[in-house]
There are 2 protein chains.
Amino acid sequence: MSWELKSDRPIYTQLIEQLELRICSGIYPPGSRMPSVRDLAREASVNPNTMQRALTRLEEDGLLHTSRTSGRFVTEDINLINQTRNKLAQEQVRIFLKGMSDLGFENSEILSILTDTVKEWSI
Amino acid sequence: MSWELKSDRPIYTQLIEQLELRICSGIYPPGSRMPSVRDLAREASVNPNTMQRALTRLEEDGLLHTSRTSGRFVTEDINLINQTRNKLAQEQVRIFLKGMSDLGFENSEILSILTDTVKEWSI
DNA sequence: ATTATTGTATTAAGGCCTTAATACAATAAT
DNA sequence: ATTATTGTATTAAGGCCTTAATACAATAAT
């Protein structure tokens, strides 16, 4: 998975989302060691300071913890990870339904559009 | 409908989205006259320059046109408005499915989550 | 013991966004 | 004819974000 950073929002907020995503989807497994700040920054083509800023946020949320000089580690609290995953999913759903509703689509329409799109995707 | 401007993205991009939304959902009907730049700016609590920047963009897309000193008007091209509405809707769907997929949800799960959420909302 | 790697902190520069204050041109309204 | 309202343009200031260049402390690796 690439980092897909766009210029329409602050990079550090996008990094936060990407990192959350990678932890929630198991790319960085529970308890595993994260790449160093410098490595992550190089990988995402951003300044180490910017990556650090994002990592600090994940730490505040408890998804990461730091062991001074041996690096950062993903939490082993699977419960927290799952809660985060569900929180992110619900947020996606909420934004989607709000957006479609604002465009004037009825619930029934939304469901049928989605069903159709999913079918097309899976063909 | 209030303007709901957040600070996590440039305001002018949010204004563009809001204005598109209002045209597509009929709040500003086809052919109708828009409030003046200054009035819109006051309404959204932003600087006239910022509102102007957003309006210029809508104009480039053909959703608005200007009649020098009598104001801006919404296009009468209902076809264009509908195309825009569908484009925005498809974009919502695409982002939603991408987001849920990145979180590791299967298509079937996505559909059932959405169905459930819609049911809860309508209770 | 020494070295390399880790996270962390600081400072300066530049860029984009937003606001604010003005001003001007065109024309509808009077 | 005059006035008010419209869109439009310009300039300066401040804020946040990002990068870049450094430096330091702690400790794992050697």
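Chain letters run A, B, ... following the sequence lines, proteins first, then strands; residues in each count from 1.
OP1 or OP2 of dT19(C) lies within a sub-4.0 Å distance of a side-chain N or O belonging to Thr50(B). In terms of phosphate contacts, Arg33(B) brings a side-chain nitrogen or oxygen within less than 4.0 Å of OP1 or OP2 of dT6(D).
Nearest nucleotide to the side chain of Arg68(B), out of dG7(C), dT6(D), dT19(D): dT6(D). Picking from dA21(C), dT6(C), dT8(C) the nucleotide with the shortest atom distance to the side chain of Thr69(A) gives dT6(C). Taking every side-chain heavy atom of Val37(A) into account, dG7(C) is the closest of dT10(C), dC17(D), dG7(C). Relative to the side chain of Asn49(B), the nucleotides dT8(D), dA20(C), dC17(D) differ in distance, and dA20(C) lies closest. The side chain of Ser36(A) sits closest to dG7(C) out of dG7(C), dC17(D), dA28(D).
Between the side chain of Arg38(B) and the base of dG7(D) there is at least one donor-acceptor pair of N/O atoms closer than 3.5 Å.
If you check dG14(D) for Watson-Crick or wobble pairing at under 3.5 angstrom, you find it paired to dC17(C). Under the Watson-Crick and G-U wobble criteria, each requiring two contacts below 3.5 Å, nucleotide dT30(D) is paired to dA1(C). Shown here, dA9(D) forms a base pair with dT22(C); the pair counts as Watson-Crick or G-U wobble because both key distances fall under 3.5 Å.
No side-chain donor-acceptor contact under 3.5 Å links Glu20(A) to the backbone of Thr84(A). Within the 3.5 Å criterion, the main-chain N or O of Asn49(B) finds a donor-acceptor partner in the side chain of Asn47(B).
One can place CD of Glu60(A) at 11 Å from P of dT8(C), the figure rounded to the nearest angstrom. Spacing between atom CZ of Arg53(B) and atom P of dG7(D) amounts to 19 Å, rounded to whole angstrom units. With rounding to whole Å, Asp8(A) atom CG is found 16 Å from dG15(C) atom C1'. Rounded to whole Å, atom C1' of dC16(D) lies 9 Å from atom OH of Tyr12(A). Between the CD atom of Gln52(A) and the C1' atom of dT6(C) there is a distance of 11 Å, given to the nearest Å. Atom CZ in Arg72(A) sits about 14 Å away from atom C1' in dT5(C), given to the nearest Å. As rounded to whole Å, 12 Å separates atom C1' of dG7(C) from atom CZ of Phe73(A). Atoms CD (Glu59(A)) and P (dT8(C)) sit 6 Å apart, rounded to a whole Å.
Across every non-hydrogen atom of Gly62(A) and Leu80(A), the tightest pair is O-CD2, 3.4 Å.
By the 6.0 Å contact criterion, CZ on Arg22(A) is enclosed, its count of non-hydrogen atoms from other residues, nucleotides or ligands being greater than 12.
In this structure, CG on Leu55(B) lies 11.0 Å from OG1 on Thr50(B), to the nearest 0.5 angstrom.
With DNA chain D read from its 5' end, the first of the two nearest nucleotides for Ser67(B) and Asn47(A) is the one closest to Ser67(B).
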